[in-house]
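Note sheet for the following structure.
Along the sequence shown, the residues carry numbers beginning at 1.
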Amino acid sequence: MSEGPDRGHQATGRRRQVACVPGSKYTLEAVYLPVCEQLSKFADVHLYVLDFPESYDVSALLDRKRSEGALAAYTMMPSPSRAVRHHRALHHIADALGRQQLDMLILAGDFMPMHRYFIDAARAKRAPIIGLESGAPTKLLASYRAENKAGARGPATRANLGSHKASILLKVPRWAVARLEWIRRYVFQYKVLPFFFAGRTFDLESYERSGRILFATVRVDSVIVLSETVRRAMRHFFPEVDVRHAEHPMASRCRCDDLKGRPTKLLVTLGAPWHYYIEHENSAQDIEDRWCHAIFEAQAIGGFSQVAIRPHPRETDPYPRKLVERLGQDGLHAVLLDPKESSLPDIVCDYSGVLGAPSGALAEAATACRRGFVIGLDQIQGSIGDPSAGLYGSEIVEVGVGEELQRAHFRERSGQEGSQRSVLEHLLDLTAWSVQSEAALREGRVLAKP
């Protein structure tokens with residue numbers, strides 16, 4: 001059994017060294033960069049970013065954060081699609097961390113080979129390892145809601161995490177091909193390459209093999225989540241894990257009170273890349289038709305001055321542009337946004353509200369803006385099943401399959417601020433650090449707790 005974190009060995013009054021391993025690049029601005037900025041007041045924060053997707057460039061953003069002092073340094077790690085380069089780089093990073101001071105590791109997951117290299121390095125240094133949610137874990141929440149709807153009684157089992165199936169059965173040949181490809185990747189990424197570079201192999205729990213959990217669970221010391229719903233789901237399946245609910249770092253970003261009047265534009269977030277829906281036995285035309293029906297339904301109720309379409313940051317197909325063209329031909333003032341030019345939290349208050357397919361973007365929008373409506377359309381997913389828009393909490397209106405949009409769905413929200421502790425407060429509580437005075441904080445000194 002590995003040793004727990006050392007909560008008493010730190011020297012007094014010195015700068016702490018923190019390694020952060022966030023999730024996808026396009027969620028950096030919502031969670032990890034604000035937390036890094038808060039930590040930078042008394043710690044040197046090194047951000048390790050997975051370069052995926054490679055087309056989504058965040059180097060200018062990270063350079064700016066480094067020049068502002070929010071980051072001490074950042075490292076771009078090769079994508080797992082470049083498997084050998086990826087593992088070689090991780091081995092070198094873990095080796096370097098073993099020779100340096102490390103006071104805390106924060107990461108968005110604990111299941112990928114990438115996470116295992118960092119966790120091994122932190123365990124060797126006896127540094128606290130904290131899982132920090134970077135986006136709503138939709139599959140965990142879908143499994144949790146499925147169990148509740150089924151009236152499950154008695155202790156929860158993790159086997160149930162893999163039991164919530166989509167509403168269709170994929171054809172057997174297609175399933176067999178996908179399964180063989182998964183086995184090939186698993187053996188290569190979790191066994192062969194780690195053994196070659198680090199002399200060890202990695203395993204996966206059954207719920208991780210099924211893809212139901214893409215988050216940190218049993219390999220970290222504590223987990224910080226950003227909604228009460230996620231906390232309950234985690235405690236349901238992982239009662240032994242220390243799970244803490246923190247206020248979302250974006251909760252203070254709302255600009256609605258500074259605006260003169262309410263905006264009259266509608267923001268539409270398309271959820272997953274278009275090809276994701278097509279791969280699950282939807283046609284491109286079906287998806288476009290569903291979006292057009294929903295958008296015109298919303299327009300009939302809201303009378304919006306403009307409809308802005310925001311694709312997924314990994315979108316590579318021309319379908320969003322074709323959707324905008326069709327909406328324009330049918331009389332709507334529709335525009336296409338580039339998700340790489342501005343983050344969702346930066347723009348959401350400029351719109352009356354958000355209409356979207358189930359995705360983490362809905363939770364992000366509802367957190368960053370306290371007044372605009374946020375509506376999740378389960379029917380956009382078509383035959384995929386797993387409706388999950390309403391899983392993120394009461395701030396999001398879920399419109400189920402077969403339901404119509406109603407005027408009540410477009411009501412302005414209350415705008416009340418949350419009362420949860422911040423991520424930073426939880427992090428300080430989980431370590432041996434103590435900010436003894438405002439002067440110490442300004443000078444970047446954090447003292448060991450007596």
If every non-hydrogen atom of [X] is compared with every non-hydrogen atom of [Y], which pair is closest and at what distance?
X    : Y    : value
L327 : A334 : CB-CB, 3.9 Å
K125 : G98  : NZ-O, 3.5 Å
T269 : W291 : O-CH2, 3.5 Å

Checklist entry - Are D103 and Q17 linked by a side-chain donor-acceptor pair shorter than 3.5 Å? => result no

Checklist entry - Are a donor atom and an acceptor atom from the side chains of S227 and H245 found within less than 3.5 Å of each other? => result no

Between [X] and [Y], is any pair of side-chain heavy atoms under 4.5 Å apart?
X    : Y    : value
R255 : D350 : yes
S134 : P22  : no
I183 : V187 : yes

Item to check | Worked check of side chain to side chain donor-acceptor pair (under 3.5 Å) between T75 and H46 | outcome: CA-CA 8 Å; T75 297; H46 194 135; 2.8 Å; yes

Checklist entry - Would you say R82's side chain and H86's backbone share a donor-acceptor pair under 3.5 angstrom? => result no

Checklist entry - So, the side chain of Q189 versus the backbone of P80: is there a donor-acceptor pair under 3.5 Å, distance only? => result yes

Charged N to carboxylate O below 4.0 Å: is that the case for [X] and [Y]?
X    : Y    : answer
E412 : R262 : yes
R116 : D120 : no
D57  : K25  : no

Side-chain polar contacts of residues 313-325 - donor-acceptor pairs under 3.5 angstrom, sequence neighbours left out - could you list them?
unit_1 : atom_1 : unit_2 : atom_2 : d
R314   : NH1    : Y26    : OH     : 2.4
E315   : OE1    : W274   : N      : 2.8
E315   : OE2    : D317   : N      : 3.0
R321   : NH1    : E325   : OE2    : 3.0

Next on the checklist: Quick check for you: to the nearest 0.5 Å, what is the distance between M234 atom CE and L140 atom CG?
Outcome noted: 6.5 Å

Checklist entry - Using the benzene-type ring in the case of Trp, are the ring centres of Y74 and Y48 under 6.0 Å apart? => result no

Checklist entry - Do the two ring centres, one from Y117 and one from H115, sit under 6.0 Å apart? => result no

Checklist entry - Between F202 and Y190, how do the two ring planes meet: parallel, tilted or perpendicular, split at 30° and 60°? => result perpendicular

Checklist entry - For Y351, is the NZ or CZ atom of K265 found under 6.0 angstrom from the centre of its six-membered ring and inside 45 degrees of the ring axis? => result yes

